[in-house]
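The shown structure was predicted, so the numbers you read here are calculated from the model rather than taken from an experiment. Letters go in sequence order (proteins before strands), and every chain restarts at 1.
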Amino acid sequence: MNKITLQIRCWIVCLLFITLAVSCRKDDLLDVPNPNVRQCNSYVDQFEAIWQGIDHSYVLWARDTVDWDARYRKFRPVFESFDARRATNPVDSAEYHQAWKDLTKGLLDHHMALFLWNPDGKYKCKVTPASNNYHHTTDVEAQLNILQNQPGVTHFISSYDASNARVKSAFCLLPGRTAGKYIAYFRFSEFDLRSISPDSTFANKEFIVAPFKAFYGDNYASGVTNGYAANEDVESIIIDVRANPGGNVSDLDALFGGLIQQDQQFGYTRYKAGMGRLDYSGWVPLVMYRAKNYLSKPKPIVVLSDINSASCAEIFTQSIKTLPNGTFIGERTFGATCALIPKTDIAFDIFYTGCFGDYNTAPFEGTGRPSNPSSFSFYVYTATYDAVTNDYTSLEGSGVKPDIEVLYSTESLRSGVDNQLDAALKHLRNLQ
Amino acid sequence: MKHYKLLSLLLIATSGMYGAKAQNPQPETNNLATPETPSYYYSQWNVGPVVGATINFLDADMGYMTNRSSLPFIGTAAGISATYNLKTWFAVRADLLYLQKNNIYAHSSLLEKDEVAFNTINTNSYLNLPVMADFSFGRKVRFHLRAGGYIGYWLSGRQKGSAIPLVSEVSTFDSPYTFDKIRDNRFDAGYAFGMGLSIHKWKRVMLDIDYHLYYAVTDMQKNYMMEQPHRYNSTSLLQVRLAFNL
């Protein structure tokens, strides 16, 4: 073979190699429908839609220990069997509920709730994988009765008997460390200032907002104005968010922002950035901004929280705890610290994380009835953001730990003593 | 496994050529010379530094996330390169390169009236070792075509950009990338292709201007979930080499 022939052959081999090589990559595209708009006609369809939706859009896979692939292999045959016996021996609600409960058992997201519609039986079931965390019900009425009967209590106002209000609140002044000085106590049941905004239509709105006005001032939505929190005779503050299930994080701008003298970073958030379970955006600092009206001088603040303080109430608790003048007294919080955006028309399709499915299937979100009653509708309520503290510690599932732990005691309340409130008063009265 | 076999075959073939040649007595320098190319233009070895710029295309499957996309982004490269000349028209070339395989992760949203974009620049640094067969022709300016394979290691990463904040006005981040042992596949391998010009004008040095393409066949992620989207790099490198004739 002469030199020219050899050279040409080598060139040809080289070009063939290039052609062959570029066709060798495994680049099949995923064939997964958007779970937010998926219509399901069978038990398996419903299973696939929810399994895949959680598989690709659940925000806590980085720390969740559930083997989701193994759950698929185990439970797909279960839902196939439900389909197979639809005509002869339809699945009953208990069996249906149990299958979903077992499928999602152990998922870390403490916000998570699945609302599942079975068109065969015309029933709906709700599954909350983290519901076992509740170990007591907080007796708010007993706690307020005890508060009202504290020695030296004045200016007591409570809207807790306003049955038509979502936000209920209480305020009072308690004797402080020194004579003539006071501890301002404020409690509210939910982060939902929208429902008591000037535009809301509550008939007894003034009654409901009275404790807010007493603590923050007339313009409570802009922080601390002429309320007792800013009064010179008020030397310290107790904010009670026990049994507060959370709500709208934007309320923190006023409710927390009014208590700080400078902007405060207390953690980071991120969300899913791709279809892979571990595809995330970068960590964005979580900063609370000082409100337009704020306390000019820091005062000692105690936040009271318990196991039924969840979501936004936990962020509030963690924020107070992070302050140099803040102390958290009570018991560890519920552990639903990763914020979510309940589904709106566009939320899921912006983030591709968080709540998905038929909005109307969730009783507290939409109409409570599936948009299409003949389909296997579902709504998955789950966190949009992964959140961590300043040192990148996740509190999801474990909750915020108190600086001074005082466990809820039913026996104590029955005997007329709120041991957590007592610990807060003792702490503030003993401060140097 | 098809691509691994192909890659292995090529690497074995090129190393075999090198090995077979190395066992033989070293050829005289003027063995590479032809009547048209004076002997001092060629030597058995050419070694020298390489610098260049990269543009990386990340082939990422975004599935139903229709407002997400992966865009190419530029980076830098530097290293050392060696060529072992077996014939006047055939050589084996190996580079040891630090290079960046960067990309932009784009996330558009409709939060405001106007579309808002939240982009992340992912800067990924790699150490790559490509080995290529080099076919060339010409005289003082020679044209080269190269093909081979490479192996590499993902050294580090950085994420800089913005995301939709929860409550803050701050939406930016700029931090080193933390590798995830479950997800991230730091081993990198693929095909290497190239073409370029070498200028043989001086006695001791030659100047190369090359375009190389590193086409990964290893996913950036380990196989850690059943329905996993793929993620492959294809890195184009425009580089200049100043090679010394040894």
Part of B/Y224 within contact of chain A (heavy atom distance under 4.5 Å): both
B/D59 side chain to B/N233 side chain, donor-acceptor N/O pair below 3.5 angstrom: no
Short side-chain to backbone donor-acceptor contact, A/E314 and A/S311, under 3.5 Å: yes
B/R68 versus chain A, the contacting section by heavy-atom distance below 4.5 Å: side chain
Chain B contact via A/Y352 - which portion, at a heavy-atom distance below 4.5 Å: both
Structural part of A/A62 lying under 4.5 Å from a heavy atom of chain B: neither
Choice from A/R270, A/Q52, A/Q265 maximising heavy atom contacts with chain B below 4.5 Å: A/Q52
Donor-acceptor pair between B/H200 and B/R142 side chains, under 3.5 angstrom: no
Side chain / backbone / both / neither for B/S162 at chain A, heavy atoms under 4.5 Å: neither
Inter- and intrachain pairs under salt bridge (Lys or Arg N to Asp or Glu O under 4.0 Å), touching residues 283-292 of chain A, at least two apart: none
Residue among A/P35, A/S281, A/A339 with most heavy-atom pairs under 4.5 Å to chain B: A/P35
Polar contact flag, side-chain donor to acceptor under 3.5 angstrom, A/D109-A/T382: yes
Under 3.5 Å: donor-acceptor pair, side chain of A/W61, backbone of A/R63: no
Contact origin within A/D263 toward chain B - heavy atom pairs under 4.5 Å: neither
Contact origin within B/D180 toward chain A - heavy atom pairs under 4.5 Å: side chain
Region of A/Y72 in contact with chain B, defined by heavy-atom distances below 4.5 Å: side chain
Region of B/S175 in contact with chain A, defined by heavy-atom distances below 4.5 Å: neither
Partner chain B: residue of A/I315, A/V32, A/T384 with the largest heavy-atom pair count (under 4.5 Å): A/V32
Toward chain B, the part of A/Y280 with a non-hydrogen atom under 4.5 Å: backbone
Full working for side-chain hydrogen bond (donor to acceptor under 3.5 Å, both in side chains) between A/T337 and A/E396: CA-CA 5 Å; A/T337 56; A/E396 188 69 21; 3.3 Å; yes
Heavy-atom pairs under 4.5 Å with chain A, option from B/Q159, B/Q221, B/M225 with the top count: B/M225
No-hydrogen, no-angle side-chain donor-acceptor test under 3.5 Å, B/D134 and B/H144: yes
Chain A contacts, top residue of B/A60, B/A216, B/S234 (heavy-atom pairs, under 4.5 Å): B/A216
Polar contact flag, side-chain donor to acceptor under 3.5 angstrom, A/Y271-A/S57: no
CG/A/D31: more than 12 non-hydrogen atoms of other groups inside 6.0 Å: no
